[in-house]
Amino acid sequence: MNRFIIANLKSNKTRESLRSWFDDLGELTTSSIEKVIVAVPYHLLAVAREEITRRNLPIELAAQDVSPFPMGAYTGEVAADQLKEFGVKYCIVGHSERRRYLGETDELVLKKIEMLGITGITPILCVSEESVDSQLSLLTNSSEALIVAYEPVGSIGTGKNQSVDIVSAFVKKVRLMFANSPVIYGGSVNELDVNEYLLVTDGVLVGTASLDATQFSKVLEAARVDG
Ligand code: PGA
């Protein structure tokens with residue numbers, strides 16, 4: 001199984017500061033099992049794709065959201081097929097910030113997952129303690145490939161990491177339901193604790209500690225499996 005190390009830049013960066021982010025990241029050394037992914041806002045997908053290609057980086061591109069509809073008369077939405085042309089391979093859905101500030105529901109998130117499934121983009125489904133049961137029960141009959149990210153609300157951006165034991169129990173619970181889905185953790189992960197989480201998960205979603213590329217390199221360095 002791969003280990004996913006995902007940078008979630010959230011609603012940060014301009015074209016210029018994203019180019020500097022790639023400058024600061026420099027060359028990347030990863031082992032064959034690490035999958036490094038960077039999730040950028042829509043308007044930066046083209047710049048991110050260009051930088052990754054130009055620098056020949058072992059990084060996959062992710063979007064942070066997607067329309068629940070196909071292309072069409074849905075003003076302001078970006079459809080999964082439109083993400084595809086930037087070489088987007090993954091897409092975050094159901095992040096607690098979207099559930100909280102934009103009122104996203106489990107049903108809406110399910111529609112987004114279905115649209116991604118049609119297009120062949122892998123959803124990175126975020127669930128917290130509050131949304132895990134209701135969200136995953138909607139998916140039990142679905143055959144969509146997905147990554148499940150456990151993101152306890154109180155740990156996001158707060159520096160208050162969830163304990164490894166609780167994360168481990170969550171991972172076991174999800175694996176019973178979705179045996180083939182990688183399960184990752186997100187919530188104040190940094191270069192000092194990333195390895196503890198990697199012992200009990202298939203990866204991490206890194207917000208704050210990914211905004212500065214030098215710090216994100218340290219997270220990657222700490223996570224790297226040699227050999
Ligand atoms: P954080 O964000 O690392 O800043 O806690 C994680 C996330 O929201 O994905």
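We count ligands from 1, going down the list as the structure has it; atoms in each ligand are counted the same way. Since we're looking at a predicted model, the values are computed, not measured.
- One option in A209, G207, S210 has a heavy atom closer to atom 6 (C) of ligand 1 than any other, and that option is G207.
- Counting the atoms of ligand 1 from 1 in the order shown, those under 4.0 Å from a heavy atom of T208 are 1 (P), 3 (O), 4 (O).
- Under a 4.0 Å criterion applied to the non-hydrogen atoms of S188, ligand 1 contributes the atoms 1 (P), 3 (O), 5 (O).
- The distance from ligand 1 to the heavy atoms of G187 drops below 4.0 Å at these ligand atoms: 5 (O).
- The E151 neighbourhood of ligand 1 comprises atoms 7 (C), 8 (O), 9 (O), with distances under 4.0 Å to a heavy atom of that residue.
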Which is it for E51 and R54 under the salt bridge (charged side-chain N to carboxylate O under 4.0 Å, His left out) test, yes or no, and what are the steps along the way? CA-CA 5 Å; E51 292 293 322; R54 186 165 69 82; 2.9 Å; yes
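- Contact analysis leaves C126 out of contact with ligand 1, as no non-hydrogen atom separation drops below 4.0 angstrom.
- Interface of S155 with ligand 1, defined as ligand atoms under 4.0 Å from a residue heavy atom, comprises 5 (O).
- The environment of NZ in K10 is crowded: more than 12 heavy-atom neighbours from other residues, nucleotides or ligands sit within 6.0 Å.
- Looking at G157 next to ligand 1, an N or O pair under 3.5 Å apart turns up.
- Listed by atom number, the atoms of ligand 1 under 4.0 Å from L205 heavy atoms are 9 (O).
- Ionic pairing of D24 and R19 is not present here: no N-O contact between side-chain nitrogen and carboxylate oxygen is shorter than 4.0 angstrom.
- Taking atom 2 (O) of ligand 1 as the reference point, the nearest protein heavy-atom neighbour is K10 NZ, 3.3 Å.
- Close approach of ligand 1 to N8 (heavy-atom distance below 4.0 Å) involves ligand atoms 9 (O).
- For the pair E34 and R224, the salt-bridge criterion is not met [side-chain N within less than 4.0 Å of a carboxylate O].
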Taking it one step at a time, do L205 and E151 satisfy side chain to side chain contact (heavy atoms under 4.5 Å, CB included)?
CA-CA 9 Å; L205 188 50; E151 297 234 314; 3.1 Å; yes
Query - Evaluation steps, salt bridge (charged side-chain N to carboxylate O under 4.0 Å, His left out), between E27 and R55 - result: CA-CA 8 Å; E27 282 182 27; R55 296 163 190 266; over 6 Å; no
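- In summary, E104 and R99 do not engage in a salt bridge, as defined by a charged side-chain N under 4.0 Å from a carboxylate O.
- Nearest heavy-atom pair, L211 versus K13, reported as atom, atom and distance to 0.1 Å: O-NZ, 2.7 Å.
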